[in-house]
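The structure under discussion appears below in the form of C-alpha cells.
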Amino acid sequence: MRQNRMILPTLREVPKEAEVTSHKLMLRAGLVRQLVAGVYTYLPLGLRVLKKIENIVREEMNKSGAQELQMSVLQPAELWHETGRWDDYGPELVRLKDRHSRDFVLGPTHEEVITSLIKQEINSYKKLPINVYQIQTKFRDERRPRFGLMRGREFLMKDAYSFHTSYESLSETYDEMYKTYNAIFNRVGLKFRPVQANAGAIGGSGRNHEFMVLADVGEDTIAICDHCDYAANLEQAEAHGAEVAAAGAAPSTEAPAFEKIHTPNTKTIDQLVSTLGLEAQTFFKTLLYVVDDKPVAVVVRGDHEVNELKLKDLFDAKTLELADDATIERVTGAPTGFIGPVGLKNTALVVDKAVAGVQVGVAGANERDYHLQNVVPGRDFALERVADIRNVVEGDTCPSCKEGKIEFYRGIECGHIFELGTKYSVPINATFLDENQKAQTMIMGCYGIGVSRIMSAVLEQSHDDNGIVWPLSIAPFQVHLIPVNVKDETQVKVAEQLYTRLQQQGIEVLMDDRDERAGVKFKDSDLIGLPVRVTVGKMAGDGIVEFKVRQTGESKELTLEQAFEEITGLVLGQ
RNA sequence: CGGAAUGUAGCGCAGUUUGGUAGCGCGCUCGCCUUGGGAGCGAGAGGUCCAGGGUUCGAAUCCCUGCAUUCCGACCA
C-alpha cells in the first residue's frame, strides 16, 4: 500500500486522554481513534492488525476441530430471562427496546443464544461432542472503561462453546482448548501465563483457567510460585494452611485472660501498630459483611485482606458487600474500627485459617475506643467456621508444592476457558437422547479470547522509546519501504521496482511515497514499527539500499538482490 | 456508584485570579529554499471558548444546572 493516500494520521504529541503506553501508541501510530468512552474506530492500520490476530485465532480454532459460525449482537430478552441473567447481569448489560417495545440486549456474551440454537438443532448423542465458535463484537456497559482497547464497552471477542454427553468428553475438549490457546498466544508473540481462576459471573463448576499476559498495567494480580508451576489469579489463589491445623487444635492456655485496653480513636490496623508497638499479624481484623441480606463477621489477621470472592463462594451467596456504619453499630454495638470477634452476637462468624494459627492477639472490644489484648482464638471466640477467606500475600508458602514462595505479577486477562457444566443447559433445557433413548442434559464448556484486547497487550509488551515493535505475525505490514526523496527519479524507480517485486512474493509492503523530509519518514516509521525497513536513498543509483530490522536495530547496506533475498527469507521464513 | 481534575483551532496548551470582543507551539494550505532522523524563511486557512440558563452596558472569564472526557477508589469479566 502507498502511504501517501492512506489514512494514517500519526501524532507527534500524545492526546491527553491516553495514560498507558499501549493507548498512547495506538493513538500516536494512527491505529485507532476514540468515538466515545470505551468505543473506538479502527483506522486502516489498526484494522489490519486486528484482522491478523483474528485470523491466527481462527486458524488455530479450526485446527482444533471447532466450527465457526456467527450469532447476532442483538438478542431477545426472553433468553436472558430464562437463564436468570436478565436480573443477575446488572447494569453492564446493554438493554434496549425495539419499535414494539420488546426488550432486547446487545450481547456481552452468547451462552444463551448458542445453547438455544444447539438445543433445537442437536438432539442425538451421535452428534456430540461439538465445539462451535464465533469472532464477534460484544458490548458491556463498563462502569469504567479505560486504557484504550484494554477495557472497552465495545470489543472484539472470540467465544467458543462446546457441548458434551459426559464430563470426560468435556475434559478432553477443555484440554484441547488449553493447548490451542497456548498456540494462539505464542503465535501472536506474547509473554503469557495460564493461571487458575475464579469463574465469576459466567459461573460453572469445573476447571477454569485465565490466560494472563504479563504486564505492569494489567488489571489482575496473579500469584506465581517461584518453585513449581503453580499460578493463580489472586482472587482464586489458595492460602497454604499448614500452620492452621496444629495451632487451631490446641489453643494456648498459657496466656492470661483477655483484658480491655483504652485505644481512643485508634481505628485502623496501621494506627494500632504504631500506638501499641505490635506487629500487624498479631491483630484480629474484624469486618462486617452483609451476605444475602444477613450480617456476617469475618476475622482475618491484621496483615491480611479479606478475599470477597472466596467469602462469596463459601456462602454460595448472590450478593455480598461490606456493611455500612449504621449496620455495624446496630449489629455489634460499636462504631467502625472497634469491632471484634469476642462476645459478638446477632451475626454469623467466619474465621480465616491464618487467624486460627495465631496463639494470642489483639481484637476490637465492640465498644468505642477500646480493644482487647490477650485474646486467644478458640478460647475467647469460637472457631466453628474456619476457612480460607483471605488473599494470599507475597512470600506465602505455595499451596501446591509447599516449598516455594508466592510472588505477585500483574496480568492482562486475554483468554479464559471454563468447564461450565450444566449452568446454561439446564434452564434452557438443552437435552439430547442417549443410546437408551433417554433425555440427558448437555454438558458445556466455554472458551473466550479478547481479540481487541490482545492488540493492547501486544503494545504493552512490544515497544521501545521510539514506538511500536510489531511481532512479524501480526504486523499490519511486513515491510516498510522508504524512498527518501520522492523527487529523485532514480530512488522512486528503484523503490517502485522493489515494491512490485516484493508484493509479487505475497509480502505486505507499505511504501512511504509521501513528499516528506527523511527525518519525518524515519520517525513515523519507527513509531509504526513494521518489522523490516528498507530505505532507498542516495546509493539507489548504484543499486544499494539499506535494510534494517526494527526489533534489533540491526542495519546493513545491501544490493537490491541481496535485500530481496534477505526480506523474503525473513518474512516468508525460508 | 463515591472522590478528584479537566473541557478554548486537528493535537498539546496559555488566557479565567482582576469581565472589555481569541492567542502560542505543532499540524494543515500556498510560495521559496531544503532532502538520511520530526529543518529554515514568508504568506494564509481554521474557533457554537462543552451545552443551557443567569448576573452585567459587556462573559472564555463571575453564578447556577446539565453533559462529556480522564484519573483514583469501589464494583465487575
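Throughout, protein chains are lettered first and strands after them, A, B, ... in sequence-line order, and every chain is numbered starting at 1.
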Exercise. Answer yes if the ring centres of A:Phe418 and A:Tyr161 are under 6.0 angstrom apart, and no otherwise.
Key: no

Practice problem: Ignoring the backbone of A:Phe522, work out which of B:G38, B:G36, B:U35 is nearest its side chain. | Solution: B:G36

Quiz prompt | C1' atoms of B:A68 and B:C32, separation to the nearest Å | solution = 45 Å

Exercise. Give A:Arg514 one of three labels, base, sugar-phosphate or nothing, depending on what nucleic acid heavy atoms sit under 4.0 Å from its own.
Key: nothing

Exercise. Check the distance between B:G36's P and A:Lys487's NZ and give it to me in whole angstrom.
Key: 13 Å

Quiz item: Taking atom CG of A:Asp542 as the centre, does the number of heavy atoms from other residues, nucleotides or ligands within less than 6.0 Å exceed 12?
Solution: yes

Quiz item: Now, which nucleotide makes the Watson-Crick or G-U wobble pair with B:G36, with each of the two distances under 3.5 Å?
Solution: none

Quiz prompt | Spacing of A:Glu308 atom CD relative to B:C76 atom P, expressed in whole Å | solution = 7 Å

Quiz item: Contact class for A:Asp526 vs. all strands (heavy atom < 4.0 Å): base, sugar-phosphate, or nothing?
Solution: base

Quiz item: Which nucleotide, B:G36, B:G38, B:C11, lies nearest any side-chain atom of A:Pro15?
Solution: B:C11

Quiz item: If you check the A:Lys312 side chain, which of B:C11, B:G37, B:C76 turns out closest?
Solution: B:C76

Self-check item: Interatomic distance at C1', B:C57 relative to B:G19, whole Å
Solution: 12 Å

Quiz item: OP1 or OP2 of B:G38 less than 4.0 angstrom from a side-chain nitrogen or oxygen of A:Arg12, does that happen here?
Solution: no

Quiz prompt | Trace of the salt bridge (Lys or Arg N to Asp or Glu O under 4.0 Å) decision for A:Glu460 with A:Lys191 | solution = CA-CA 11 Å; A:Glu460 283 300 330; A:Lys191 289 194 270 298; over 6 Å; no

Quiz item: Rounded to the Å, how far apart are A:Asn307 CG and B:A74 C1'?
Solution: 15 Å

Practice problem: Identify whether any heavy atom of A:Lys548 sits under 4.0 Å from a base atom; if not, whether one sits that close to sugar-phosphate; answer base, sugar-phosphate or nothing. | Solution: base

Exercise. Determine which nucleotide pairs with B:C1, using a 3.5 Å limit on both distances of a Watson-Crick or G-U wobble pair.
Key: B:G73

Exercise. Could you tell me the separation between the CD atom of A:Glu92 and the P atom of B:C76, rounded to a whole number of Å?
Key: 9 Å

Quiz item: Does the base of B:G12 carry an N or O that pairs as donor and acceptor with the side chain of A:Arg28 under 3.5 Å?
Solution: no

Quiz item: Considering heavy-atom distances to RNA chain B, does A:Asn233 or A:Lys523 have its closest nucleotide positioned more toward the 5' end?
Solution: A:Lys523

Quiz prompt | CD-CD distance between A:Glu321 and A:Glu308, expressed to the nearest 0.5 angstrom | solution = 9.5 Å

Exercise. Using both distances under 3.5 Å as the test, list the Watson-Crick or G-U wobble partner of B:U61, or none.
Key: none

Quiz item: If we take the P atom in both B:U61 and B:A51, what is their distance in whole Å?
Solution: 10 Å

Quiz prompt | Same-atom distance (C1') from B:U21 to B:G40, integer angstrom | solution = 35 Å

Quiz prompt | Pairwise P distance, B:G66 and B:A39 [rounded to whole Å] | solution = 47 Å

Quiz item: What does B:A9 pair with, Watson-Crick or G-U, if both distances are under 3.5 Å?
Solution: none

Practice problem: Any strand is fair game: report the nucleotide pairing with B:U18 by Watson-Crick or G-U wobble, both distances under 3.5 Å, or none. | Solution: none

Quiz item: Taking the six-membered ring for Trp, are A:Tyr178 and A:His209 parallel (under 30°), tilted (30 to 60°) or perpendicular (over 60°)?
Solution: perpendicular

Quiz prompt | Electrostatic pair A:Glu111-A:Lys423, nearest N-O below 4.0 angstrom | solution = no

Quiz item: Which distance, rounded to the nearest 0.5 Å, do you find between the NZ of A:Lys285 and the CD of A:Glu305?
Solution: 6.5 Å

Self-check item: Heavy-atom donor-acceptor pair, A:Asn485 side-chain to B:G36 base, under 3.5 Å
Solution: no

Self-check item: Length of the CD-P vector between A:Glu235 and B:C75, whole Å
Solution: 11 Å

Quiz item: How about A:Glu489: does its CD atom have over 12 heavy atoms from other parts shown lying under 6.0 Å from it?
Solution: no

Self-check item: Nucleotide opposite B:C30 in a Watson-Crick or G-U pair, distances under 3.5 Å
Solution: B:G42

Self-check item: Interatomic distance at P, B:A22 relative to B:C64, whole Å
Solution: 27 Å

Practice problem: Specify the separation, in whole Å, of atom CG of A:Leu311 and atom P of B:C75. | Solution: 12 Å

Self-check item: N/O (side chain, A:Lys538) to phosphate O (OP1/OP2, B:G36) under 4.0 Å
Solution: yes

Quiz item: Do A:Glu13 side-chain and B:G27 base share a donor-acceptor contact under 3.5 Å?
Solution: no

Practice problem: Could you let me know what B:C49 is paired to, Watson-Crick or G-U wobble, both distances under 3.5 Å, or none if it's on its own? | Solution: none

Quiz item: Roughly, in whole Å, what's the span from NZ in A:Lys521 to P in B:A39?
Solution: 13 Å

Exercise. Any chance you could list the contact pattern along nucleotides 66-73 of chain B? Use B for base contacts, S for sugar-phosphate-only contacts and - for none, protein heavy atoms under 4.0 Å, 5' to 3'.
Key: ---SSBBB

Practice problem: Using only side-chain N and O atoms of A:Arg517, determine if any of them is under 4.0 Å from OP1 or OP2 of B:A39. | Solution: yes

Quiz prompt | CD/A:Gln551: more than 12 non-hydrogen atoms of other groups inside 6.0 Å | solution = no

Practice problem: Select from A:Glu219 and A:Thr10 the residue whose nearest nucleotide in RNA chain B is closer to the 5' end of that strand. | Solution: A:Thr10

Quiz item: Parallel, tilted or perpendicular: which describes the rings of A:Phe211 and A:Tyr181, with under 30° parallel and over 60° perpendicular?
Solution: tilted

Self-check item: Length of the line joining A:Leu11:CG and B:G10:C1', which is rounded to integer Å
Solution: 9 Å

Exercise. Mind checking the CG-CD spacing from A:Asn485 to A:Gln491? Nearest 0.5 Å is all I need.
Key: 5.5 Å

Quiz item: Using the P atom in both, what is the distance from B:A14 to B:A9, to the nearest Å?
Solution: 12 Å

Exercise. For B:G38 versus B:C26, give the span between their P atoms, rounded off to a whole number of Å.
Key: 14 Å

Exercise. Please work out if A:Asp88 contacts a base, only the sugar-phosphate, or nothing of the nucleic acid, heavy-atom cut-off 4.0 Å.
Key: nothing

